[in-house]
Amino acid sequence: MSQHLSEQETIRRDKLNQLTALGIDAYPAPAFDVNCHSKQILENYNDAEKNFQQVSIAGRIMSIAPKGKATFAKIQDEHGRIQLYIGIDNICPGEDKTLYEKVVLHLLDIGDIIGVKGEVFVTKTGETSIRVKELTLLSKALRPLPVVKVKDGETFDAFADVELRYRQRYVDLIVNPEVRATFMKRSKMIQTIRDFLNEHGAMEVDTPVLQNIPGGAAARPFATHHNALDVPFYLRIANELYLKRLIVGGFDWVYEFSRNFRNEGIDRTHNPEFTVLEFYVAYKDYFWMMNYTEQMMEKIALALHGTTDVPVGDKIISFKAPFKRVPIYDAIREFTGFDVSEMDEAQMREVCRQLHIETDNSMGKGKLVDEIFGAKCEGNFIQPTFIIDYPVELSPLTKKHRSKPGLVERFELMINGKEIANAYSELNDPIDQRARFEEQVKLMERGDDEAMFIDHDFLRALEYGMPPTSGIGIGIDRLAMLMTNNAAIQEVLFFPQMRPEKPE
RNA sequence: GAUUUCGUAGCUCAGCUGGUAGAGCAAUACACUUUUAAUGUAUGGGUCAUGGGUUCGAAUCCCAUCGAAAUCACCA
């Protein structure tokens, strides 16, 4: 297959051939022993002590500026950038000046990965640098890297085209340090959560992604097919029903970072695959879960920012526990003036009409409440707020409220006007659960294409007895957006889904 | 899915009401052994997203297609 090459690509391939002709392997096999990183040197070098006199370091050339018989280059390793001073007499002490005159001056490019050995010193202009004594090419780059320059905090020629950045995330990561920082934060966030759960005795588990009956959420699944069994499978939309089976099985606290798949639109807050942390704790209820959740959120904010005040857009969000708790009907009353708590479906439909909210016949009472809340209330909860006590119609897997008829023991955690987590006192009454599933079937018959299927094995599990349990799902990508101050989910996913590109 | 905007050199962009493509960085060559967005001089680099149409003439106007972004709808 022939490939169209740009001028610069052709030149680099020619350089590769020249290197080969000089007997230099552009992709050598031997390990290159690294004994320090850029950051270690920059933070710890002491010019009086003359430490770091035998460093061995590797990285990617980010700039290279020949100045006659000396060349300045900057290499980037995982921890940052450091300047190299490559003097002809340092790397070519003998008669043969080929390495400098040919390789350094003509055959090395921005983007190449090299390993160097040498001593650290400070240049006249005060920049801690490495005087290179040995230089080894470790990998030749055949494509030119975008060259981003920064001066006085101002960035020039930023590699900023979002399509290119997402499709070629590797380039984005090389060239944009703040992108790298976002993903490091995301990783640290997940680590903090995992540590927090493990400290409290939770067990991390794995449950099926391929499911016969996609359950645990209201969403349209991806369908696939298993050839050997000749049966349809669905990619999971949630792992809830499997984790509850494990609670039945006798594990009292299980969690999973669940990659979920939903066959819906893509926009700046939706990717077809996304990550939800779900965990279930036996013998707890949703009040316990609210307490635990706010502690966890506070811990995450502290781990990532060193404070509970987190900047998000032009706002500061305080993750300081405790968070406000607002019953959903109170929220609706506050933002619409209507008390819908005692209304029937027809009255509620009239309220929707007055509020200019579109409804259709597939919507039951619970769905109408959800619509009103979504349209008029949700966006107002900027600071972390638990919205509690949802209508039973909306929550087929949730235990009925201990004292409020028609409601369930459920909360959603709203932050910056978006739902971040959803939790319940789990429904463990198998008779009630069967009735709720049957309600879902009726909704499906009314045309709700997101109503849940009956999962008979899950009912069977409940019939063996599940302890009272509280469970939660936390949108990890959404939380990462908040914690890294990014408005697009694509910014916190390494490889967001996009339409396939045309072949080059 | 709808609407709007965008797609020009490796990257970032300019190119007014149509006259046949330009800058900075990057690249190539030369000079320079402590530079800092290095500098100086010279040079090369483009099926202007793709395919049609209008026109004497299209990067520019029109249509379609592909890709992206924003807003909306649905959802987490």
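Predicted model only: the values in this text are computed from it and were never measured. Below, chains carry the letters A, B, ... as their sequence lines are ordered, and counting in each starts from 1. For the numbers below, each heavy atom of this structure counts, side chains included, while hydrogens, waters and symmetry mates do not.
Applying the 4.0 Å criterion to OP1 and OP2 of B:G67, one finds that A:Arg499 has a side-chain N or O inside that range. Between A:His106 and B:C30, a side-chain N or O to OP1/OP2 separation shorter than 4.0 Å is present. At the phosphate of B:A27, neither OP1 nor OP2 sits under 4.0 Å from any side-chain N or O atom of A:Lys15. At the phosphate of B:U34, neither OP1 nor OP2 sits under 4.0 Å from any side-chain N or O atom of A:Arg131. Of the side-chain N and O atoms in A:Lys149, none sit less than 4.0 angstrom from OP1 or OP2 of B:A37.
Residue side chain A:Gln8 reaches the base of B:A26 through a donor-acceptor N/O pair under 3.5 Å, judged by distance alone. Side-chain N/O atoms of A:Glu163 and base N/O atoms of B:G67 include no donor-acceptor pair closer than 3.5 Å. Looking at A:Glu7, its side chain has no donor and acceptor atom pair within 3.5 Å of the base of B:U28. For A:Asp267 and B:A73, a side-chain-to-base donor-acceptor distance below 3.5 Å is present, hydrogens and geometry of angles not being considered.
Looking at residues two or more places apart in sequence or on another chain, you find a side-chain hydrogen bond (donor to acceptor under 3.5 Å, both in side chains) between A:Lys15 and A:Asp109. Applying the ring pair (Phe, Tyr, Trp, His ring centres under 6.0 Å) test to A:His106 and every residue at least two apart in sequence or in another chain returns nothing. For A:Phe196, the ring pair (Phe, Tyr, Trp, His ring centres under 6.0 Å) criterion is met by A:His200, A:Tyr292, not counting sequence neighbours. Legend: residues meeting side-chain hydrogen bond (donor to acceptor under 3.5 Å, both in side chains) with A:Arg353, ordered by chain and number and at least two apart, are A:Glu350. Under the rule for a ring pair (Phe, Tyr, Trp, His ring centres under 6.0 Å), the partners of A:Phe381 that lie at least two apart in sequence or sit in another chain are A:Phe335. Remark: A:Glu439 engages A:Lys442 in a salt bridge (charged side-chain N to carboxylate O under 4.0 Å, His left out) (not counting sequence neighbours). Residues passing the ring pair (Phe, Tyr, Trp, His ring centres under 6.0 Å) test with A:Tyr286, sequence neighbours excluded: none. Applying the salt bridge (charged side-chain N to carboxylate O under 4.0 Å, His left out) criterion to A:Lys376, with sequence neighbours excluded, gives no partner residue.
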Worksheet item: For RNA chain B, what dot-bracket results from Watson-Crick or G-U pairs at under 3.5 Å, with [ ] for crossers and | for inter-strand partners?
Response: (((((((..((((.....[..)))).(((((.......))))).....(((((..]....))))))))))))....
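Checked by atom type, the side-chain pair A:Arg410/A:Ser395 shows a donor-acceptor distance below 3.5 Å.
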Protein N or O to nucleotides 11-13 of chain B N or O, pairs below 3.5 Å:
unit_1 : atom_1 : unit_2   : atom_2 : d
B:U12  : OP1    : A:Asp161 : N      : 3.3

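Nearest-nucleotide mapping onto RNA chain B: of A:Met498 and A:Pro272, the residue sitting toward the 5' end is A:Met498.
We find that the ring of A:Phe274 and the base of B:A76 stack, their centres lying under 5.5 angstrom apart and their planes tilted less than 30°.
Between the P atom of B:G24 and the CD atom of A:Glu154 lies a distance of 18 Å, rounded to the nearest Å. A:Asn263 places its CG atom 12 Å from the P atom of B:G1, with the value rounded to the nearest Å. Here the P atom of nucleotide B:A70 and the CZ atom of A:Arg268 are 7 Å apart, to the nearest Å.
A:Asp112 places no side-chain N or O within 3.5 Å of a backbone atom of A:Leu137 that could act as its donor or acceptor partner.
At a non-hydrogen distance threshold of 4.0 Å, A:Pro66, A:Lys67, A:Gly68, A:Lys69, A:Ala70, A:Phe72, A:Lys74 from residues 66-77 of chain A come into contact with RNA chain B. The stretch residues 366-373 of chain A touches RNA chain B through A:Lys367, each having a heavy atom under 4.0 angstrom from the strand.
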